[in-house]
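Here the structure is a predicted model, which is why all the values come from computation and not from measurement.
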Protein chains: 2
Amino acid sequence: MLYVYICLMSLRHALMALLAATPMTGYTLAKQFDQSAAFVWHAPHSQIYPELRRLEEAGLIAGHEESRGIRGTKRTYAITDEGRAELQRWVAELSPPPRERDGAYLKATYFEFGSFANARRQFQAHLAHHRQQQRQWEAHVEQLENRDTSLLRLRLAAWPEHLHDAIVAYKAHVYRGLVTRARSEVEWARSGLDLVDRLEAAAGAQDASG
Amino acid sequence: MLYVYICLMSLRHALMALLAATPMTGYTLAKQFDQSAAFVWHAPHSQIYPELRRLEEAGLIAGHEESRGIRGTKRTYAITDEGRAELQRWVAELSPPPRERDGAYLKATYFEFGSFANARRQFQAHLAHHRQQQRQWEAHVEQLENRDTSLLRLRLAAWPEHLHDAIVAYKAHVYRGLVTRARSEVEWARSGLDLVDRLEAAAGAQDASG
DNA sequence: ACAGCCATGTAAGTCGTTACATGATTGC
DNA sequence: GCAATCATGTAACGACTTACATGGCTGT
């Protein structure tokens, strides 16, 4: 029986990529994932801690216990040479495109099951969410371009200077892409609201004439 | 212990929404999901058959065995009134926005771990995939606008005529949104390729001068 | 003393994936 | 006869989610 997931498992590589910038604890990694909006991959700490143990067991990262205050301890992880090699393998690998799976669009497909007011409410929520996302990504792009995030500075320090521009450029390109995405979601919701207005007007006209 | 998924489970509603158009077998439903590119939610048959049984047990759909040829049988499912009510509840409910989780963008963030040639290869694959997606969604929008899909015709037949425009319009709006999405992914990949060209030229210039 | 953050886990469940299986029907 | 398609499942596993838990440190 050969069950092999062909690596949807990006969490592992996201963790290694972060640790390639600087050693960190699980807690700090978790903050990167769910507190800071600046990360492309979400994960809760309950997924991160076990994964770190597995990565350590696989030799891709190395953890060591540090003291924190008098009785407290914390475990700081650093990427290993094997981990770096695995990151390189992963970056070179072509991943299968993700499966289409969008709850908001699915629901919008069937707005006829609800009222015009409901369709409006749904589009408004979509709009509000993605407008906020857009602002967050925009802010992050600016930070990246100014090289003004602590993690980026640490990352740059680990590479020869002639590569710095490329490192920043790739990241800025990603987050600019997310800005564009968010913007087009906003636009989609806005034109959805227009659509609902037109449909409701048409329905009203029909009532009046019928 | 109260573990309740607050309904990421769109598969259930996707199935009911399809069955609201016309009764179907699991096989036919599965084709809608993974053969036809025209569906927003992917699911393999191994997920669909058990889910249908669960929906039936919950009274949201009703299945009945039909004969197929001499010895063969098939099970056709139809939505129930309870199922229709559940669809209405679902459409009226605000779902939490999906978590950011994009493998391609995550990888692109760390292209510095690979070569320029690799970055180019990744962007090209991204471009090719989304260009194809774009064409598929475009074709589907046209079919919808012409009311030229069998499922849509069946669906319209189940509703009073004054609602037909809205039913078509919502669906066309969704698939036009997907076209826009695909287009901006194509554009993102294209400008990614430009970026790699610039970075490589800059690196070459540095080699020459250094 | 207490709040808020730092820090690390476990448990139980759902969702989605690939692979493994089987058999009938239809058309050539 | 044989291939393609119709039709329906199960098994094992990996991925992700929510909730349950615990305890130390820091500043007021």
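Donor-acceptor pairing under 3.5 Å, judged by distance alone, is present between the side chain of A:His45 and the base of C:dG9. On a pure distance criterion of 3.5 Å, no polar donor-acceptor pair joins the side chain of A:Thr25 and the base of C:dT8.
Proximity of B:Arg99 to the phosphate of D:dT17: a side-chain N or O atom is located under 4.0 Å from OP1 or OP2. Not one side-chain nitrogen or oxygen of B:Arg12 sits closer than 4.0 Å to the OP1 or OP2 atom of C:dT14. Between C:dC6 and A:Tyr27, a contact under 4.0 Å exists linking OP1 or OP2 to a side-chain N or O.
For the pair B:Leu18 and B:Ile79, the minimum side-chain heavy-atom distance is 4.5 Å or more.
The interatomic distance linking A:Glu66 (CD) with C:dA7 (C1') rounds to 13 Å, in whole Å. Rounded to whole Å, atom P of C:dA7 lies 13 Å from atom NE2 of A:His64. What separates CG of A:Leu11 from C1' of D:dC16 is a distance of 10 Å, to the nearest Å. Nucleotide D:dT8 holds its P atom 9 Å from the CG atom of B:Leu29, rounded to whole Å. Straight-line distance from the CD atom of A:Gln32 to the P atom of C:dC6: 12 Å, rounded to whole Å. In this structure, B:Asp102 places its CG atom 17 Å from P of D:dA15, rounding to the nearest Å.
Applying the salt bridge (charged side-chain N to carboxylate O under 4.0 Å, His left out) criterion to B:Asp194, with sequence neighbours excluded, gives no partner residue. B:Trp188 is linked by a ring-ring contact (aromatic ring centres under 6.0 Å, His included) to A:His173, B:Tyr105, B:Phe123, B:His126, counting only residues two or more places apart in sequence or in another chain. Among residues two or more places apart in sequence or in another chain, the salt bridge (charged side-chain N to carboxylate O under 4.0 Å, His left out) test is passed with B:Arg131 by none. Judged as a salt bridge (charged side-chain N to carboxylate O under 4.0 Å, His left out), and not counting sequence neighbours, A:Arg198 has no contacts. Residues passing the side chain to side chain contact (heavy atoms under 4.5 Å, CB included) test with B:Ser115 are B:Ala117, B:Asn118, sequence neighbours excluded.
Of the charged side-chain nitrogens involved, none lies within less than 4.0 Å of a carboxylate oxygen, so that A:Arg54 and A:Glu57 do not count as a salt-bridged pair.
Taking for each of A:Pro44 and B:Lys74 the nucleotide of DNA chain D with the nearest heavy atom, the 5'-most of the two is the partner of B:Lys74. For B:Arg101 and B:Thr28, each mapped to the nucleotide of DNA chain D holding its nearest heavy atom, the one lying further toward the 5' end belongs to B:Thr28.
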Would you mind building the protein contact string for nucleotides 23-28 of chain D? One character per nucleotide, 5' to 3', B for base within reach (heavy atoms under 4.0 Å), S for sugar-phosphate only, - for untouched. BBS---

Side-chain donor-acceptor pairs under 3.5 Å in residues 157-170 of chain B, sequence neighbours left out?
residue  : atom : partner  : partner atom : Å
B:His164 : NE2  : B:Leu156 : O            : 2.8
B:His164 : NE2  : B:Trp159 : O            : 3.0
B:Asp165 : OD1  : B:Arg147 : NH2          : 2.6

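Residue pairs meeting the ring pair (Phe, Tyr, Trp, His ring centres under 6.0 Å) criterion with at least one partner in residues 50-85 of chain A, sequence neighbours excluded, are absent.
Against DNA chain D, the stretch residues 47-59 of chain B makes heavy-atom approaches under 4.0 Å through B:Tyr49, B:Arg53.
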